[in-house]
Enquirer: 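The structure is given below, and queries will be raised subsequently.
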Protein chains: 2
Amino acid sequence: MRDPLPQLPGYSLRRAAHATATELGARLATLGLRQVDASVLILIAENADITASALGRQLDIQRANMVPLLKKLEDERLIERQPLDGKSQALLLTAAGRARMEAALGIIHAFEDELLARIPARHREHLLPALNALWR
Amino acid sequence: MRDPLPQLPGYSLRRAAHATATELGARLATLGLRQVDASVLILIAENADITASALGRQLDIQRANMVPLLKKLEDERLIERQPLDGKSQALLLTAAGRARMEAALGIIHAFEDELLARIPARHREHLLPALNALWR
DNA sequence: TATTGTTATACTCTATAACTATA
DNA sequence: TATAGTTATAGAGTATAACAATA
């Protein structure tokens, strides 16, 4: 079949992101986490007392959609909330949350290594800076 | 804020794909098309008499989800179907479909050029081969 | 037996608007 | 006046199962 689409960076970006997300998602599911859950746990670990709104801004997730996301993590006792003032609340990891986050990081780093290994050596180091130029 | 996520190729891939898809989607919407619609029109143009099933396999879209997609394009008189045998049907572009496809290609190529222009020159040519190594 | 086209459906993710309370 | 957290809801996209008809 003639298929010019893989010659288009935008299309290849779409397909590569979908394929890798499916793969990583399956591995993180063994921890009961989605990619976005792992991202949240990682950011809270690095930024103690961050608020839900600030987290949403950093991850490009709307406030309204943070609610069920954080509720799930709280229900599983992975995060806790503490009032900062009358309207804001600080997020922090529980011990279980930290353990889960570290397990997720292990899966993620192993996966990243595998991804990079698939790329021919001469292209490998260019992927991350090229990607980051597209959205940061 | 400390944010280690952009150092992860898998995460950057996700964010870059989302950002670029949003942007291209807005431009294609001026033609009444989504990215997937444009992909379908392009593939039919390059492969006359392709079937819906073959199209779905190439694009990684399930047969069941091709039904409403093709129905929309047929309702807009962009594609036509002709029976190949008792159970398969050939897809082909109408004149309007070809014109719409060419307009979409114009938008897409202009967008790809812009994307590549955002990438520092020394990384630019490596993006496509690196991406394709991740899913093809 | 495998494949094509189809229907119906469920689930996830995301977007939008609106509301209350507080800074 | 802007921001935080929340509720409710709608839409898009995708996944799954099942079916009839044909190769």
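In the text below, chain A, chain B and the rest are named by the order of the sequence lines, each starting its count at 1. These figures come from a predicted structure and were not determined experimentally.
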Enquirer: Please state how far atom NZ in B:Lys72 lies from atom P in C:dT6, giving the value in whole angstrom units.
Expert: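 Atom NZ in B:Lys72 sits about 17 Å away from atom P in C:dT6.
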Enquirer: Would a distance-only check, ignoring hydrogens and angles, find a side-chain to backbone donor-acceptor pair under 3.5 Å from A:Glu112 to B:Gly10?
Expert: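 Yes, A:Glu112 side chain to B:Gly10 backbone: donor-acceptor pair under 3.5 Å.
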Enquirer: Could you tell me the separation between the CE atom of B:Met66 and the P atom of C:dG5, rounded to a whole number of Å?
Expert: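 Atom-to-atom, B:Met66 to C:dG5, this comes out as 9 Å.
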Enquirer: Nearest 0.5 Å, what's the NE2-CG distance between B:His123 and A:Leu127?
Expert: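 The distance works out to 10.5 Å.
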Enquirer: Main chain of A:Leu116, side chain of A:Arg124: is a donor-acceptor contact present, judged purely on distance under 3.5 Å?
Expert: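 Yes: the side chain of A:Arg124 pairs with the backbone of A:Leu116.
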Enquirer: Can you pull out the residues from residues 10-20 of chain A that lie within a 4.0 Å heavy-atom distance of DNA chain D?
Expert: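 Within this stretch, nothing sits under 4.0 Å of the strand.
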Enquirer: In B/S/- notation, 5' to 3', how is nucleotides 1-6 of chain D contacted by protein heavy atoms closer than 4.0 Å?
Expert: -BBSBB
Enquirer: Any salt bridge linking B:Arg34 with B:Asp37? Criterion: basic side-chain nitrogen under 4.0 Å from a carboxylate oxygen.
Expert: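 Salt bridge flag = yes for B:Asp37 with B:Arg34.
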Enquirer: Tell me: CD of B:Gln62 to P of C:dA10, nearest whole Å?
Expert: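 Rounded to whole Å, this separation is 17 Å.
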Enquirer: Please state how far atom CG in B:Leu28 lies from atom C1' in D:dA12, giving the value in whole angstrom units.
Expert: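 Computing the B:Leu28:CG to D:dA12:C1' distance gives 16 Å.
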Enquirer: Please check: side-chain N/O of A:Asn47 versus main-chain N/O of A:Leu43, any donor-acceptor pairing under 3.5 Å?
Expert: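 Here the side-chain-to-backbone pair exists.
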Enquirer: If you measure from CG on B:Leu91 to CG on B:Leu55, what distance do you get to the nearest 0.5 Å?
Expert: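 With rounding to 0.5 Å, CG (B:Leu91) is 6.5 Å from CG (B:Leu55).
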Enquirer: Answer yes or no: is there a donor N or O on one side and an acceptor on the other, between the side chain of B:Thr94 and the main chain of B:Leu78, under 3.5 Å?
Expert: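 Indeed, once roles are kept as given, a pair shorter than 3.5 Å links the two residues.
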Enquirer: I'd like to know whether A:Glu114 forms a salt bridge (charged side-chain N to carboxylate O under 4.0 Å, His left out) with A:Arg27, so could you lay out the CA-CA distance, the side-chain angles of the two residues, the decisive distance to 0.1 Å, and finally the verdict.
Expert: CA-CA 13 Å; A:Glu114 288 180 38; A:Arg27 300 194 193 182; 2.9 Å; yes
Enquirer: Distance check needed: D:dG13 C1' versus B:Leu69 CG, whole Å only.
Expert: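 Distance, rounded to whole Å: 11 Å.
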Enquirer: By nearest nucleotide on DNA chain C, pick out whichever of A:Gly86 and A:Val36 is the more 5' one.
Expert: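 Its nucleotide being nearer the 5' end, the pick is A:Val36.
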Enquirer: Roughly how many Å is it from CG in B:Asp85 to C1' in C:dT3, rounded to a whole number?
Expert: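 One finds 10 Å between C1' of C:dT3 and CG of B:Asp85, rounded.
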Enquirer: In whole angstrom, what separates A:Lys71's NZ from D:dT7's P?
Expert: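 That distance rounds to 9 Å.
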Enquirer: Could you tell me the separation between the CD atom of A:Gln35 and the OH atom of B:Tyr11, rounded to the nearest 0.5 Å?
Expert: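 So the gap between those two atoms works out to 10.5 Å.
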